[in-house]
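The next block holds one structure in the form of structure tokens; read it before the comments.
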Amino acid sequence: VQLQASGGGLVQAWGSLRLSCAASGRTFSTYAMGWFRQAPGKEREFVAWLEWSDGSTFHADSVKGRFAISRDNARNTVYMHMNSLTPEDTAVYYCAASGQPYYSGTYYHKETQYDYWGQGTLVTVSS
């Protein structure tokens, strides 16, 4: 599975961006997609995940109400809609795909649950 992230850039505070993650290859072997981010000098952290089959989603508290993960199954693409951006959102954003089967109660919030990673796209929010 190959993942291609795009859509990052420079945006002013309170602005919006949409990130895209296009999946190719053996995508049928994956069950969920996630977004993580790594700010300068910090560890990578979970942002949001989406389960392919029924579209279940989960967002980290830090972005809840401002970010929204969505999918386009026909295009094997997952999006991250980011609104009300603040300088604290500045980071490299990574998309990832999980081959871990989905069961009721499964949460894909750990890096170890993901098998494939994209190259990252930089989001810079200026104050």
Side-chain angles (χ1 to χ4, degrees):
V1 175
Q2 293 78 44
L3 303 176
Q4 181 69 44
S6 61
L10 175 64
V11 62
Q12 290 188 332
W14 306 112
S16 299
L17 276 177
R18 188 187 75 167
L19 305 182
S20 300
C21 179
S24 60
R26 298 171 59 88
T27 58
F28 57 84
S29 66
T30 62
Y31 294 86
M33 297 287 289
W35 284 99
F36 290 75
R37 66 185 182 183
Q38 186 167 21
K42 295 187 178 181
E43 295 186 351
R44 190 156 57 184
E45 65 175 0
F46 163 77
V47 178
W49 61 257
L50 177 146
E51 195 275 328
W52 279 118
S53 63
D54 66 6
S56 297
T57 63
F58 185 84
H59 298 77
D61 287 343
S62 59
V63 305
K64 198 170 293 184
R66 299 188 300 121
F67 291 12
I69 188 171
S70 67
R71 62 178 175 167
D72 183 336
N73 285 34
R75 298 185 178 184
N76 287 330
T77 299
V78 170
Y79 303 99
M80 176 62 76
H81 306 266
M82 305 187 296
N83 299 309
S84 301
L85 287 160
T86 72
E88 288 67 39
D89 296 314
T90 294
V92 177
Y93 285 73
Y94 298 90
C95 62
S98 175
Q100 177 177 329
Y102 176 73
Y103 300 100
S104 177
T106 298
Y107 283 80
Y108 296 93
H109 59 290
K110 298 179 180 179
E111 292 185 44
T112 53
Q113 294 174 287
Y114 292 84
D115 304 283
Y116 309 97
W117 291 82
Q119 83 285 7
T121 184
L122 177 62
V123 173
T124 303
V125 184
S126 63
S127 57

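The first residue in the sequence is number 1, and the count goes up from there. All values derive from a computational prediction rather than experimental measurement.
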The reported gap from CD in Gln4 to OG1 in Thr77 (rounded to nearest 0.5 angstrom) is 10.5 Å
Interatomic distance, CE@Met80 vs OG@Ser70, rounded to 0.5 Å, equals 9.0 Å
State, yes or no, whether a side-chain contact exists between Asp89 and Phe67 at a heavy-atom distance under 4.5 Å. yes
Shortest non-hydrogen contact between Thr86 and Arg66, atoms and distance: N-NH1, 4.2 Å
Check against ring-ring contact (aromatic ring centres under 6.0 Å, His included), Phe36 and Trp117: CA-CA 10 Å; Phe36 290 75; Trp117 291 82; 5.1 Å; yes
Taking every heavy atom of Ser127 against every heavy atom of Ala13, the minimum-distance pair comes out as CA-CB, 4.3 Å
Quick test of your reading: applying side chain to side chain donor-acceptor pair (under 3.5 Å), list the pairs with at least one residue in residues 41-50, sequence neighbours left out, ordered by first then second residue. Arg37-Glu45, Arg44-Glu111
Answer yes if Leu50 and Val1 sit in the same cluster of Ile, Leu, Val, Met, Phe, Trp and Tyr residues linked by side chain heavy atoms under 4.5 Å apart, and no otherwise. yes
For Asn83 and Ser16: C-alpha separation, side-chain torsions, deciding distance, then whether side-chain contact (heavy atoms from CB on, under 4.5 Å) applies. CA-CA 4 Å; Asn83 299 309; Ser16 299; 2.9 Å; yes
Under 4.5 Å side-chain linkage, directly or through intermediates, the cluster mates of Phe28: none
Which label fits His109 and Tyr107: parallel for a plane angle under 30°, tilted from 30 to 60°, or perpendicular past 60°? perpendicular
Joint cluster assignment, Ile69 & Tyr31, ILVMFWY side-chain distance < 4.5 Å: no
Given 3.5 Å as the limit, does a donor-acceptor pair link the side chain of Gln119 with the main chain of Ala5, or not? yes
Do any N or O atoms from the side chain of Ser98 and from the backbone of Gln113 form a donor-acceptor pair under 3.5 angstrom? yes
N/O donor-acceptor pair under 3.5 Å between Gln12 side chain and Gly15 backbone: no
What are the two closest non-hydrogen atoms of Tyr93 and Val47, and how far apart are they? CE2-CG2, 4.4 Å
Are Leu122 and Leu19 connected in a single hydrophobic cluster, I mean Ile/Leu/Val/Met/Phe/Trp/Tyr linked by side-chain heavy atoms less than 4.5 Å apart? no
Would you say NZ of Lys64 has more than 12 non-hydrogen atoms from neighbouring residues, nucleotides or ligands within 6.0 angstrom? yes
Closest approach of Glu51 to Asp54 (non-hydrogen atoms, all atoms of both residues): OE1-OD1, 2.7 Å
Is there a donor-acceptor pair closer than 3.5 Å between any side-chain N or O of Tyr108 and the backbone N or O of Tyr102? yes
Heavy-atom closest contact (Thr121 atom, Gly8 atom, distance): OG1-N, 3.0 Å
Looking only at heavy atoms, what is the nearest atom pair of Thr30 and Ala97, with distance? CG2-CB, 3.8 Å
How far apart are the C-alpha atoms of Val78 and Trp35, what are their side-chain angles, what is the distance that settles it, and do they pass the side-chain contact (heavy atoms from CB on, under 4.5 Å) test? CA-CA 9 Å; Val78 170; Trp35 284 99; 3.7 Å; yes
Hydrophobic clustering (ILVMFWY, side-chain heavy atoms < 4.5 Å, transitive) - are Val63 and Val123 grouped together? yes
Co-members of the apolar cluster containing Leu10 [side chain, <4.5 Å]: none
Any chance you could measure Arg75, atom CZ, to Ser24, atom OG, to the nearest 0.5 Å? 15.0 Å
Please lay out, stage by stage, how Met82 and Val11 fare under the test side-chain contact (heavy atoms from CB on, under 4.5 Å). CA-CA 11 Å; Met82 305 187 296; Val11 62; over 6 Å; no
Are Tyr94 and Leu17 connected in a single hydrophobic cluster, I mean Ile/Leu/Val/Met/Phe/Trp/Tyr linked by side-chain heavy atoms less than 4.5 Å apart? no
